Amino acid sequence: MELELEKLNLPSDNVRPFVIAGPCSAETEEQVMTTAKQLASLGCHNFRAGIWKPRTKPGGFEGNGEKALPWMQQVKQETGMLVATEVATPEHVELALKYGIDILWIGARTTANPFAMQALADALRGVDVPVFVKNPVNPDLELWIGALQRLNGAGVKKLGAIHRGFSSYDKTIYRNVPMWQIPIELRRRIPELPLICDPSHIGGRRDLIAPLCQQAMDLGTDGLIIESHCDPDSAWSDSKQQVTPDVLDYILSLLVIRNEKVTTEGISQLRKQIDEIDNNIMDILAKRMRVCREIGQYKKEHNMTVLQTHRYNEILNKRGAQGVLCGMDADFVKTIYEAIHQESVRQQIEIINK
């Protein structure tokens, strides 16, 4: 996957990762300036605040709109920080650029809509500002890449991606499930694309921000975008996932930044072992599928349905419990066996329909 990209060159320091921080919403001039000055005093270089905040359901605070943009100008003038906000329509783009917003990002709901993305791409044609694209609400890597391609096709070369997790119908500890394998695959396919993490929206709770920040660093992301408010409990939106500037400073001070450039010679023998084990896994899977095809032939000869629900449930429960005893997560084992079962069913259906 090739995009024509330019280096972002956004301010950071050599000790901490690149960070964009600030409140979920620009509520009042006093709240914006107080938070910004506190963050600037702690070494933050990039300030964020939501100007337009459409909520899942109408009736809540949906942002101050253009009224709040002069506050962002004031932040730049008084602190020297770059300022960033989300845009979702061509009108947002026009106003943000008019008031000198330095960094734009596109939200998850907008990324999921190719029509909206094309409208934004057209509005940004010829504009030389960094644009970050959040992952779509649902785990769809192609949709995420497609959004980036639309912007790049309009000449936007200062691009980055934001991993903010994915919506799930099931209740989990997270507001949005990380599904780290998706941003990892994005990085594999477009290695030159800057990728930052949004632990505020993944966690949805301030106590999860620190471990999510460290996990993002461990996986080699290029930075963080974190919601920070001078008085989080009184925030007009997403109060539970915001932290004070002091708490944010403490979280960042504890981060361990891994060195990606260290030679891998020391683990080469271990990687050879992994390769050998993977070869064995493929051999075992091939043997399992051969048995599954024999079962498919038996089902065909005895006019049986392919799907045997009780047997499938037995496999998931038994192997999940076995995985836990072996030090693995039960959901991880379940995911593996769901994929194996899906391929087994596919092969048996082929046999039955021959």
Side-chain angles (χ1 to χ4, degrees), residues 1-3 5 7 12-19 135 139 141-142 144-145 160-163 165-166 173-174 177-197 199 202 208 210-224 251-293 315-344 347:
M1 176 60 55
E2 296 220 355
L3 296 178
L5 301 175
K7 194 171 181 181
S12 60
D13 55 52
N14 295 324
V15 179
R16 295 181 176 182
F18 167 73
V19 176
N135 60 258
L141 178 59
E142 300 307 322
W144 198 0
I145 291 175
I162 300 175
H163 172 224
F166 302 90
I173 187 175
Y174 301 108
V177 183
M179 294 188 180
W180 295 104
Q181 69 272 22
I182 294 177
I184 287 171
E185 177 63 13
L186 176 68
R187 166 140 285 178
R188 187 189 71 80
R189 290 169 64 172
I190 317 177
E192 68 278 14
L193 179 74
L195 173 65
I196 68 175
C197 181
I202 292 176
L208 294 176
L212 284 166
C213 285
Q214 185 60 62
Q215 193 166 6
M217 292 298 98
D218 291 345
L219 291 170
T221 56
D222 299 298
L224 303 161
I251 290 171
L252 296 177
S253 72
L254 295 177
L255 287 180
V256 178
I257 310 301
R258 313 293 178 187
N259 191 343
E260 287 186 74
K261 297 177 182 176
V262 173
T263 176
T264 59
E265 288 179 11
I267 58 173
S268 60
Q269 291 302 316
L270 294 173
R271 285 179 169 172
K272 287 180 181 177
Q273 289 183 43
I274 290 289
D275 288 340
E276 185 177 344
I277 292 167
D278 284 344
N279 288 334
N280 291 337
I281 289 173
M282 292 304 297
D283 287 341
I284 291 169
L285 280 174
K287 290 175 184 176
R288 192 185 195 281
M289 290 304 161
R290 281 199 293 271
V291 175
C292 287
R293 289 194 292 274
I315 290 172
L316 291 181
N317 293 333
K318 184 184 294 184
R319 299 310 169 202
Q322 187 179 4
V324 170
L325 291 174
C326 295
M328 292 178 281
D329 183 78
D331 287 338
F332 162 70
V333 176
K334 180 182 176 184
T335 300
I336 289 174
Y337 274 91
E338 283 175 344
I340 290 173
H341 182 262
Q342 183 177 348
E343 176 61 14
S344 300
Q347 293 201 18

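Everything numeric here is computed off the predicted structure, so don't read it as measured data.
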Please give me the minimum heavy-atom distance between [X] and [Y], naming the atom from each residue.
{"X": "G220", "Y": "R187", "result": "O-NH1, 2.5 Å"}
{"X": "P17", "Y": "G223", "result": "CB-CA, 4.3 Å"}
{"X": "H163", "Y": "P178", "result": "NE2-O, 2.6 Å"}
{"X": "A210", "Y": "I251", "result": "CA-CG2, 3.9 Å"}
{"X": "A161", "Y": "L193", "result": "CB-CD2, 3.8 Å"}
{"X": "M217", "Y": "L255", "result": "CG-CD1, 4.1 Å"}

Tell me, please, which residues at least two apart from [X] pass side chain to side chain contact (heavy atoms under 4.5 Å, CB included).
{"X": "P139", "result": "F166, M179, I182"}
{"X": "P194", "result": "L8, D222"}
{"X": "V291", "result": "I295"}
{"X": "Q347", "result": "M289, R293, E343"}

Are the side chains of T221 and P183 in touch, meaning some heavy atoms are under 4.5 Å apart?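 They are not in side-chain contact.
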
Is any side-chain heavy atom of H341 closer than 4.5 Å to a side-chain heavy atom of L316?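 H341 vs L316: side chains apart.
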
Contacts under 3.5 angstrom, residues 327-340 side chains, donor-acceptor by atom type, not counting sequence neighbours:
from, atom 1, to, atom 2, distance (Å)
D329, OD2, D331, N, 3.0
D329, OD2, F332, N, 3.3
T335, OG1, D331, O, 2.9

What distance separates [X] [atom1] from [Y] [atom2], expressed to the nearest 0.5 Å?
{"X": "W144", "Y": "L186", "atom1": "CH2", "atom2": "CG", "result": "5.0 Å"}
{"X": "I274", "Y": "R271", "atom1": "CD1", "atom2": "CZ", "result": "10.0 Å"}
{"X": "I202", "Y": "N135", "atom1": "CD1", "atom2": "CG", "result": "8.0 Å"}

Could you tabulate the donor-acceptor pairs under 3.5 Å formed by side-chain atoms of residues 275-282, not counting sequence neighbours?
from, atom 1, to, atom 2, distance (Å)
N279, ND2, D275, O, 3.3
N280, ND2, E276, O, 3.4

Of all residues at least two apart in sequence or in a different chain, which pass the side-chain hydrogen bond (donor to acceptor under 3.5 Å, both in side chains) check with N317?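 N317 satisfies side-chain hydrogen bond (donor to acceptor under 3.5 Å, both in side chains) with no residue once adjacent residues are dropped.
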
